[in-house]
Amino acid sequence: RQRLAGKRVIVTAAAQGIGRASALAMADEGAKVFATDVNADALADLIHDNVETFVLDVRDGVSVKDGVARANPDVLFNCAGFVHHGTVLDATDAEWDFAFDLNVRAMWRMIQAALPGMLERGGGSIVNMSSACSSIIGAPNRFIYGTTKAAVIGMTKSVAVDYITKGIRCNCICPGTVESPSLEDRLHALGKQVGGYEEAKKQFVARQPMGRIATADEIAALVVYLASDESGFTTGQPHIIDGGWSG
Ligand code: NAD
């Protein structure tokens with residue numbers, strides 16, 4: 001039997017990276033997946049019998065309400081997030097506000113929209129994307145990012161404890177560095193400061209004792225587990241998957 005047969009799933013930021021890999025992995029396991037992203041062009045080639053795609057901007061309350069109503073999900077994977085570069089002294093108000101809106105508040109928006117339907121059906125699984133760079137570990141030049149991803153862990157625990165007796169589970173995922181289009185952008189940007197793309201990549205690889213970067217599929221496997229009833233005894237937890245970085 002497929003591990004997610006009969007489940008309706010909504011994924012944010014599903015056009016690329018971990019979101020896309022997770023949408024496809026959950027569809028392979030028999031879920032009906034609503035794969036959403038703000039980027040319609042990037043969604044266009046996300047094709048699978050069990051996947052329906054549509055545009056959902058997690059920063060827009062109306063878009064969130066409409067999208068969640070359309071999906072009526074049993075599983076919510078809040079994957080959208082953005083990485084700002086810099087220290088506490090570099091951070092600007094605009095970056096801080098943008099990051100908290102996209103990385104934290106948007107998850108609240110999605111949960112608030114999806115939870116009533118889950119409660120009505122007596123069950124649901126919410127999976128939030130945090131990071132090893134959060135309250136787990138500090139990473140250089142990730143001041144705003146690490147702060148927002150620590151907030152995601154707090155939000156996850158709050159939601160979990162309030163609905164623990166109502167059949168709702170809420171967990172979050174804390175990856176180390178993962179292959180994705182936005183990681184490529186960050187490597188090119190850092191490369192300009194440290195003498196090239198290859199040197200930047202070497203630095204990112206070095207911080208993970210396994211000596212490599214994760215694939216998006218490796219993270220998707222954890223998303224499938226947390227979405228499925230196999231993980232029925234875990235809630236309120238940050239699930240660290242970081243190649244030994246924080247170990
Ligand atoms: P990515 O950064 O390459 O892609 C992000 C996607 O988010 C894009 O498709 C983009 O269109 C979408 N998006 C941006 N704004 C949006 C909005 N307002 N509404 C809906 N979608 C929006 O993908 P990734 O690197 O796999 O990152 C996905 C998540 O995983 C993020 O939350 C990120 O912080 C987290 N994460 C990534 C890594 C990594 O190394 N790649 C590590 C830990 C955590």
Side-chain angles (χ1 to χ4, degrees), residues 10-25 34-46 53-64 66-68 71 76-85 97-110 113 127-137 139 142 144-153 155-156 172-190 200-201 203-205 207-208 212-220 222-223 238-243 245-246:
I10 190 165
V11 182
T12 68
Q16 65 185 42
I18 299 166
R20 172 179 283 240
S22 300
L24 290 170
F34 297 85
T36 73
D37 199 286
V38 74
N39 185 344
D41 291 343
L43 278 175
D45 65 349
L46 178 48
T53 61
F54 59 85
V55 170
L56 189 161
D57 178 353
V58 296
R59 302 191 63 207
D60 175 344
V62 174
S63 180
V64 165
D66 289 352
V68 170
L76 162 61
F77 178 29
N78 270 322
C79 186
F82 183 79
V83 183
H84 284 98
H85 183 88
D97 290 345
F98 176 87
F100 266 89
D101 192 56
L102 176 57
N103 296 9
V104 187
R105 193 175 180 139
M107 293 194 183
W108 167 36
R109 276 186 203 105
M110 289 293 296
V127 182
N128 297 323
M129 179 54 83
S130 177
S131 172
C133 169
S134 57
S135 52
I136 310 289
I137 197 170
R142 289 289 176 268
I144 291 179
Y145 182 71
T147 306
T148 62
K149 291 299 189 183
V152 171
I153 297 178
M155 182 190 295
T156 300
C172 63
I173 296 185
C174 303
T177 308
V178 185
E179 281 169 14
S180 76
S182 74
L183 175 66
E184 288 301 304
D185 297 341
R186 289 190 289 281
L187 291 174
H188 284 292
L190 181 65
K201 187 152 189 180
Q203 289 186 11
F204 270 60
V205 167
R207 58 190 199 182
Q208 283 159 148
R212 67 176 179 87
I213 288 171
T215 66
D217 286 340
E218 287 174 309
I219 312 304
L222 181 55
V223 177
H239 294 261
I240 301 170
I241 175 165
D242 68 353
W245 186 10
S246 65

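Hydrogens, waters and symmetry mates are skipped; everything else that's a heavy atom, side chains included, is used. In listed order, ligands and their atoms are each counted from 1. Model, not experiment: these values are computed from the prediction.
Minimum interatomic distance between Val152 and Ser130 (heavy atoms only, all atoms of both residues): CG1-CB, 3.9 Å. Closest of all the heavy-atom pairs between Phe54 and Ile10 is CZ-CD1, 4.4 Å. When every heavy atom of Pro181 is checked against every heavy atom of Gly17, the shortest pair comes out as CD-N, 3.8 Å. The two atoms that bring Arg109 and Val64 nearest to each other are O-CG1, 3.7 Å, heavy atoms only. In this structure, Leu76 and Met110 approach most closely via the heavy-atom pair CD1-CE, 3.6 Å.
Near ligand 1, heavy-atom contacts under 4.0 Å come from Ala13, Ala15, Gln16, Gly17, Ile18, Asp37, Val38, Asn39, Leu56, Asp57, Val58, Arg59, Cys79, Ala80, Gly81, Leu102, Met129, Ser130, Ser131, Tyr145, Lys149, Pro175, Gly176, Thr177, Val178, Ser180, Pro181, Ser182, Arg186.
The shortest side-chain heavy-atom distance between His84 and Thr147 does not fall under the 4.5 Å cut-off.
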